[in-house]
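Working notes, structure below.
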Amino acid sequence: MRRIPFDLELYRNQMQDLIQHEPEAEVFWRALDFAVEAHDDQWRRSGDAYILHPCSVAKILVEEMDITNPEMLSAALLHDTVEDVKEVTGEIIGEHFGNYVRAIVEGCTKVTHVSGDRQANNRNTHRKIFTGAALRPEVMLVKLADRLHNLRTLRAMPKAKRQRIADETIDIYAPLATMFGLFNMKREMYNLALLYKYPKQGAKINNHIRQLEQSPIGEYIVEELKKATVRAKLYCRIKIRTKRLWAYYDIVSKILVKQIDTPLEVLIDVEDVAACYTALGVVNQTFKPIPRTIRDFIANPKPTGYQGLHARAIIEGQKFLFKIRTDDMERKAQRGLFRNWTSKVGKQGRFIREIQEMFNVIGTEDAVSYRDVIAASGIKEIYTYTPQGDLICLPVQSTVLDFAFRVHTEIGRTCLGALIRNKRYSPAHILKDGDMVRIIRSDQAIRFDQNMLTLCTTPRARGELARGFRVRRRKVTSDVGLSMLRQEMLRYGIPFDLIEGKDVSELLTRCSSESVEELYTRIGEGRVRLRSVMDVVKDVFWGGTSPLVTPTGAFNKIELTTLDPVTVKLSSCCRPTPWAKDNCALLTPNGLSVHNKNCSKFKELNFQREDAVNITWKTRKTGVRKQQTLRVLRASRKDIMRIVGFAPNEMEVQKLEIMSSYSSLYPAWEIGFRTPNLYMLQKVLKHFDKSNVRYEFELQC
C-alpha cells in the first residue's frame with residue numbers, strides 16, 4: 001500500500017488563518033501536537049496518514065459549521081485517540097486538556113467491552129454516544145463532522161462496510177444533521193450515502209438532475225424576477241438551485257423516487273429583513289402563488305432557528321419554491337447556529353434543551369426505538385398553533401398528545417384530547433398543518449395505552465410515556481420481587497426480618513442495587529437471578545449455609561390485583577384467562593409473561609425454577625378498565641334479548657348490534673359491555689356458558 005504523508009505545516013497555516021483571533025487558541029495547538037504523536041505511524045486504508053482524519057474533522061467544524069471554539073476543535077483532533085491508541089485514556093485527556101475536552105472525547109468513543117453480536121454492539125455504541133450528547137451536544141457535532149469526512153473518503157473501504165456506513169448515515173446521522181439545522185451537511189450526507197446504497201438508481205436520478213439544470217425555464221424565471229426587482233428598485237441576487245439526490249429520498253418509505261413535486265428552488269438574497277417582505281411582494285406579483293403556501297419563518301422561525309420567507313408557484317405546469325433570505329439567514333440555514341456557542345456557558349436556549357432532551361430519551365430509554373425517533377426528527381414539519389397564537393412546530397404525523405407534551409410536560413400527562421375547529425378529538429388524533437389546538441385536560445394524570453408510544457413522533461412524548469409505563473410496571477414488579485424473596489428465604493429457613501437489619505448494605509452492594517426497593521424490582525423483572533441473591537443472602541446473613549435444603553421444583557406464588565398490560569402480558573400462544581388456576585408467569589424486564597402451564601410453547605422453554613412464579617388474581621379487587629366485546633355466533637333476536645336481559649346487573653351493556661345477516665332468523669351478534677371487576681366479568685361469562693349459545697370472547701386489558 002502506497003503511504004501518503006500528511007502536510008502538517010500546510011494544515012497549521014490554514015488553521016492559523018481560521019482561528020488566529022480566538023482566545024485560548026493555544027489549547028488547539030497542544031492538542032494538534034498530542035494527536036500527531038498519538039497517531040504516529042497509523043495509516044488509513046486509503047494510504048493516507050491517519051492524522052489526516054482528525055485534522056479534517058476539526059477543519060470541517062471551522063469551515064462548514066462556523067465552530068471556532070478551540071476546546072471543541074481540540075476534542076475533534078483527539079476524538080479517536082482513546083479508542084485507537086492503547087496508551088491514551090480519558091484520564092490522560094482530562095489531565096492535559098481539561099474535563100470539558102475529556103467529556104466530548106469520551107462521548108465520541110465507542111463501547112470498548114464488545115460481544116459477538118454486532119447489532120447489539122452498534123446499539124450500545126449509539127446509546128453511549130447519545131448519552132454523551134445529552135450532557136454535551138458538542139459530542140454529536142464532532143460525530144457529524146467525523147461521519148461527513150468518513151463518507152467523503154469511503155471509497156477505499158470494502159463494499160460491505162460502505163453499505164453499512166451508508167445505511168447508518170441515512171437512518172441516523174443525516175436526519176440528526178437536519179435536526180441540528182446543518183442543512184449543507186445533511187444534503188451532502190444524503191447525496192453520498194444514497195449513491196453507495198442505491199448506485200444504479202442514484203446514477204439515473206443524477207442524470208435526470210443534470211437535465212433539469214439545463215432547463216430553460218430556470219433562466220426565464222430569473223430574467224422575469226430581475227426585471228420586476230429593477231422596477232421595484234430592489235437590490236437582490238437571484239439564482240436557481242436544482243435539488244440533488246437527497247430530495248428524492250422518501251424517508252417514510254425508505255426508497256428513492258423518480259420525481260419530486262418541486263425539483264427546482266429559486267433563491268433570492270436581499271440586504272435586510274424589510275427587503276425580504278418587499279421581495280415577497282415582487283415574487284407574488286410576478287408569479288401567482290399557490291394559495292395557503294406562503295410561509296413566514298422570519299416572524300416564526302423554525303426550531304432550528306432557520307429564518308426566511310417561502311412561497312410556491314406553478315409556472316408552465318411545474319411547481320417552484322421561492323426562498324427569500326438575507327445573507328445572515330442564508331449562512332445560518334446552511335451552517336447552523338453554533339458559531340460562538342458552547343454548552344459550558346450559561347443557561348441554554350429552547351433549541352439546545354430540546355436536543356438534549358431527545359438524546360436523553362434515546363440514550364437511556366430502552367422502550368423507545370432511537371432509529372424511529374431520529375427518523376421522525378428528519379421528516380417534514382407541520383405548523384400548529386395554541387389558542388394564544390404560539391407556533392408549535394411538529395413532525396408530520398404528530399398526534400394531539402405530541403402537541404400537548406411539546407407545550408408542557410404536565411399538559412401532556414393530563415391530556416384527555418383536544419378541540420380543533422370546535423370538534424373534539426382523542427389524544428391519538430393526527431394533526432394537520434395549520435391546526436389550532438386547544439388541549440382538554442383531566443384533573444389527574446391519564447393512564448395511556450401502550451400503543452400511544454408507537455403513535456407519538458416527538459422524543460418528549462415518547463420519553464414521558466415510556467417513563468410513565470416504567471413507573472406503573474415497577475410498582476407491581478417491586479411487590480412481586482418482595483414476595484418472591486420473602487417466600488424464597490422462608491424455603492431456605494432464613495428469617496426475612498434480616499433484610500431490615502444493618503447488614504443489608506453489604507447485600508445491596510454485592511447485588512449492585514442502591515436500595516432494597518431496587519433489589520425487589522430487579523428480582524421481579526428477572527434482571528437478577530433469585531438464586532444468585534440467595535447465595536449472597538446466605539453469605540451475608542448465615543455464614544454461607546442455610547438451615548434447610550436448597551428448594552427444588554415448586555414455584556413461588558404471587559397474587560395480583562391488576563391487569564395493566566404494561567406489567568401483565570397474557571401470551572398469545574395459549575391465551576390464558578386470569579381466573580384459571582394453572583397459570584404461570586415468567587419474569588422479564590418488560591413485565592410478567594403469563595402462560596397456561598399446559599401451553600406447549602411454555603413447556604419447550606428452558607428456564608430455572610426461580611425464573612417463574614405461579615400467578616393468581618384477586619378477582620374482586622382487580623378492576624377491568626376497558627370495554628369488553630363478546631360475539632355470539634348464532635342466536636335469534638328473542639334469545640339474545642333474553643340472555644342479555646337475565647345477565648348479572650353489573651353487566652353494563654353499551655353496544656348490541658348484528659354482526660352479519662347471513663341468517664335473518666339466527667344472525668351473529670356483537671355485545672359491548674363493561675364490568676367493574678374481574679369477578680363480575682367471570683360471572684357474566686358463566687351466565688353465557690349456561691345459555692348454551694356459541695360465543696367468542698377475548699379479554700381486553
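- Checked against side chain to side chain contact (heavy atoms under 4.5 Å, CB included), V536 has the following partners two or more places apart in sequence or in another chain: L507, R510, C511, V540.
- Here the side chain of Q628 pairs a donor or acceptor atom with the backbone of Q700 at under 3.5 angstrom.
- The side chain to side chain donor-acceptor pair (under 3.5 Å) check on R424 picks up nothing, with sequence neighbours excluded.
- Side-chain N or O atoms of K618 include none that pairs as donor or acceptor with a backbone N or O of E559 at under 3.5 Å.
- For the residue pair W341 and Q348, a side-chain donor N or O sits within less than 3.5 Å of a side-chain acceptor on the partner.
- Scanning for side chain to side chain donor-acceptor pair (under 3.5 Å) contacts around S478 gives an empty result, with sequence neighbours left out.
- Under a 3.5 Å cut-off, the side chain of K569 and the backbone N or O of P565 do form a donor-acceptor pair.
- In this structure, the side chains of Y370 and R123 come closer than 4.5 Å at one or more pairs of heavy atoms.
- Using modelled atom types and a 3.5 Å distance limit, the side chains of T454 and N451 yield no donor-acceptor pair.
- No side-chain heavy atom of P578 sits under 4.5 Å from any side-chain heavy atom of T619.
- Under the side chain to side chain contact (heavy atoms under 4.5 Å, CB included) criterion, K557 pairs with Q487, N614, not counting sequence neighbours.
- One finds no salt bridge joining R136 and E106 here, because no Lys/Arg side-chain nitrogen approaches an Asp/Glu carboxylate oxygen to under 4.0 Å.
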| task | Mind running ring-ring contact (aromatic ring centres under 6.0 Å, His included) on F607 and F602 for me, showing each step along the way? | result | CA-CA 10 Å; F607 62 91; F602 177 72; 5.3 Å; yes
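- Contact of the V476 side chain with the T562 side chain is registered, since non-hydrogen atoms from C-beta on lie closer than 4.5 Å.
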| message | I'd like to know whether V400 forms a side-chain contact (heavy atoms from CB on, under 4.5 Å) with C415, so could you lay out the CA-CA distance, the side-chain angles of the two residues, the decisive distance to 0.1 Å, and finally the verdict. | response | CA-CA 9 Å; V400 165; C415 175; 4.0 Å; yes
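- If you run side chain to side chain contact (heavy atoms under 4.5 Å, CB included) between F130 and each of M358, K143, M140, only M140 comes through.
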| Would R462 and D402 count as a salt bridge (charged side-chain N to carboxylate O under 4.0 Å, His left out) if you check the C-alpha gap in whole Å, the side-chain angles of each, and the deciding distance to 0.1 Å? | CA-CA 8 Å; R462 290 190 178 198; D402 284 306; over 6 Å; no
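- Between atom CD1 of residue I170 and atom OH of residue Y190 there is a gap of 8.0 Å, rounded to the nearest 0.5 Å.
- Donor-acceptor pairing under 3.5 Å is recorded for the side chains of S398 and T457.
- Contact annotation: the side chain of F448 approaches that of L401 to within less than 4.5 Å [non-hydrogen atoms, C-beta and beyond].
- Rounding to the nearest 0.5 Å places CD1 of I439 at 9.0 Å from CG of L419.
- Taking CZ from F688 and CD1 from I671, the interatomic distance works out to 4.0 Å, rounded to the nearest 0.5 Å.
- Checking E138 against S343 by side-chain atom types alone, a donor-acceptor pair falls below 3.5 Å.
- Between the side chain of D435 and the main chain of V437, no donor-acceptor pair closer than 3.5 Å is present.
- Every residue meeting the side chain to side chain contact (heavy atoms under 4.5 Å, CB included) condition with E696, not counting sequence neighbours, appears here in chain and number order: R631, L633.
- Salt-bridge check for K683 with E650: failed, with every basic side-chain N at 4.0 Å or more from each acidic carboxylate O.
- Side-chain contact between F697 and L681 is present, with at least one heavy-atom pair separated by less than 4.5 Å.
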| said: Applying side-chain contact (heavy atoms from CB on, under 4.5 Å) to I420 and F403, what does each step give before you reach the verdict? | reply: CA-CA 12 Å; I420 304 171; F403 180 98; over 6 Å; no
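- Counted within 6.0 Å of CZ on R438, heavy atoms from surrounding residues, nucleotides or ligands total 12 or fewer; the atom is thus considered open.
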| query | Yes or no on salt bridge (charged side-chain N to carboxylate O under 4.0 Å, His left out) for R413 and E410, after CA distance, side-chain angles and deciding distance? | reply | CA-CA 5 Å; R413 288 174 179 163; E410 280 305 311; 2.7 Å; yes
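- Applying the side chain to side chain contact (heavy atoms under 4.5 Å, CB included) test between L587 and each of R529, R527, E610, M484 identifies M484 as the sole match.
- Remark: side-chain polar atoms of S571 are paired, donor with acceptor, to backbone N or O of V594 under 3.5 angstrom.
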| message | Evaluate D582 against N596 for side-chain contact (heavy atoms from CB on, under 4.5 Å), listing each step before the verdict. | response | CA-CA 6 Å; D582 51 355; N596 188 284; 3.1 Å; yes
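- Using a 4.5 Å cut-off on side-chain heavy atoms (C-beta onward), N649 and M680 make no contact.
- A search for salt bridge (charged side-chain N to carboxylate O under 4.0 Å, His left out) contacts involving R522 returns nothing, not counting sequence neighbours.
- A donor and an acceptor atom, one from each side chain of R474 and T521, are nowhere located under 3.5 Å apart.
- Geometrically, R460 does not engage F405 in a cation-pi contact, judged by NZ or CZ lying under 6.0 Å from the ring centre and within 45° of the ring axis.
- A salt bridge links D171 with R371: the distance from a Lys NZ or Arg NE/NH1/NH2 to an Asp or Glu carboxylate oxygen falls below 4.0 Å.
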